[in-house]
Amino acid sequence: MEKKKVLLVDGMALLFRSFYATAVSNQFMYNEAGVPTNGVQGFVKHLLTAIEEHQSDHVGVCWDLGGGTFRNEMWSEYKAHRSAPPAELIPQFDYAKEIADALGFINISCQGYEADDCLGTLANHYRSQNAHTTIVTGDKDILQLVDEDTNVWILQKGYGNYKKYDPITFVEEWEIQPKQLIDLKAFMGDTADGYPGVKGIGEKTATALIKKYGNVQTVIDNVSELSKGQMTKIQNDLEMLDMSLRLAEINCSVPITVEIDTLFYKGFTADSLDICGYYGLKVVRREIEKLLG
């Protein structure tokens, strides 16, 4: 039986990328209601491009929600130092979801969890339903989900440019297995997410440790084999190492249920053009007109 093809999109990643691509030149584009639309229009254009590239009729868009997540409860500094979004971007968060819904896409999120967790949970669920999932995002953390039934496309500059990962291409580049990315980040930390890992151990050393020992626990079990400097760093930061390991892992048990058939997308119609007109999405309207011929 041929597997169903599912396309899952990290909505916030597409929205942020679209906003900052034009914000540097103050190309915010406002609709008649005075709402900036540069991020929203780019988000939809990215979405349309991914659908065309992937040729899937099952599409879902996952979102981060405001407020903290279970990771903030584990580590108060998690993403705490990220600057507030620009004023022109803030109204586009809800606007993007509203427009995606109006165009017939399913928005997916869960309070207390990140979009990454929703993406992982759904990909895991669809694997058991004889489906193959492709995830489009700008976040390399998602690469830990790569397996025979889950591919990840990392956004590159422009529209329709992706770095595509399956198990083979991931190992060729990273020289470890996708799941070992969790252990790698546990050692080296993530400055963007606000956790340090083991102080003094960077990507090169972390990669060497994972390639030799396989995972964090095996490194700890054999810490006496390491150089004195490495052993001291790890032993001094065991608590943070454990915390970083838990923070780095995507939670694939989010309490959400979105069956594949729910994601069935019928495509664009003349109504889609009316929706673009209503929201003042001139760029998106032109793209859909091209698709409709």
Side-chain angles (χ1 to χ4, degrees), residues 7-31 33-54 59-69 79 82-111 113-120 122 134-142 152-163 192-193 250 258 263 265 268 272 275-276 278-288:
L7 179 67
L8 296 179
V9 173
D10 182 343
M12 204 64 80
L14 270 62
L15 181 63
F16 267 81
R17 178 174 290 267
S18 302
F19 175 83
Y20 285 109
T22 53
V24 291
S25 55
N26 293 320
Q27 296 178 18
F28 294 119
M29 296 182 285
Y30 293 84
N31 62 16
V35 179
T37 62
N38 66 314
V40 170
Q41 299 209 68
F43 154 72
V44 178
K45 188 174 178 181
H46 270 300
L47 185 53
L48 302 185
T49 305
I51 292 171
E52 184 176 8
E53 173 80 11
H54 189 256
V59 184
V61 186
C62 293
W63 297 94
D64 293 316
L65 296 176
T69 68
K79 294 187 177 181
R82 291 192 176 185
S83 57
E88 293 85 359
L89 176 57
I90 293 174
Q92 297 188 64
F93 292 143
D94 290 335
Y95 214 46
K97 285 181 271 189
E98 182 180 337
I99 291 167
D101 180 68
L103 289 172
F105 296 104
I106 301 300
N107 290 314
I108 303 159
S109 57
C110 186
Q111 193 66 56
Y113 298 88
E114 298 180 46
D116 288 3
D117 303 312
C118 294
L119 291 164
L122 294 178
T134 295
I135 298 173
V136 177
T137 181
D139 186 356
K140 291 184 178 180
D141 291 348
I142 290 288
V152 173
W153 294 0
I154 301 293
L155 293 164
Q156 304 297 297
K157 187 175 181 179
Y159 293 97
N161 296 320
Y162 313 101
K163 197 162 189 180
D193 286 346
I250 291 174
V258 185
L263 300 180
Y265 184 66
F268 299 103
S272 304
I275 291 168
C276 291
Y278 177 80
Y279 286 103
L281 307 179
K282 296 179 181 179
V283 173
V284 176
R285 182 185 175 92
R286 288 196 296 270
E287 293 298 319
I288 295 178

Could you tell me the separation between the CG atom of Leu122 and the SG atom of Cys62, rounded to the nearest 0.5 Å? 5.0 Å
Which distance, rounded to the nearest 0.5 Å, do you find between the CZ of Arg285 and the OG of Ser272? 10.5 Å
Value rounded to 0.5 Å, distance of OG in Ser18 from CG in Leu89: 10.0 Å
Applying the ring-ring contact (aromatic ring centres under 6.0 Å, His included) test to His54, which of Tyr162, Tyr265, Trp153 qualifies? Trp153
Is there side-chain contact between Lys79 and Glu114, with at least one heavy-atom pair below 4.5 Å? yes
State, yes or no, whether a side-chain contact exists between Thr137 and Leu155 at a heavy-atom distance under 4.5 Å. no
Donor-acceptor pairs are to be reported for all side-chain atoms of residues 96-106 against protein atoms at under 3.5 Å, with residues two or more places apart or in another chain.
| from | atom 1 | to | atom 2 | distance (Å) |
| --- | --- | --- | --- | --- |
| Glu98 | OE2 | Tyr279 | OH | 2.8 |

Is there side-chain contact between Val40 and Val35, with at least one heavy-atom pair below 4.5 Å? no
Quick one: are Phe19 and Pro85 in side-chain contact, heavy atoms under 4.5 Å? no
Once you round to the nearest 0.5 Å, how far does CD of Gln92 lie from CZ of Phe16? 10.5 Å
Starting at OH of Tyr20, measure out to CG of Asn38 and round the result to the nearest 0.5 Å. 10.5 Å
Partner residues of Asp139 under the salt bridge (charged side-chain N to carboxylate O under 4.0 Å, His left out) criterion, sequence neighbours left out: none
Residue pair Leu8 / Leu263, side-chain heavy-atom distance below 4.5 Å: yes
Distance check, rounded to the nearest 0.5 Å: Arg17 atom CZ versus His46 atom NE2? 6.5 Å
Note, Ile142 side chain near Asp116 side chain (heavy atom, < 4.5 Å): yes
Please check this pair: side chain of Gln111 against backbone of Thr69, looking for a donor-acceptor N/O pair closer than 3.5 Å. no
Side-chain contact, heavy-atom cut-off 4.5 Å: Val283 with Val44? no
Contact list for residues 82-91, test side-chain hydrogen bond (donor to acceptor under 3.5 Å, both in side chains), sequence neighbours left out: Arg82-Asp193
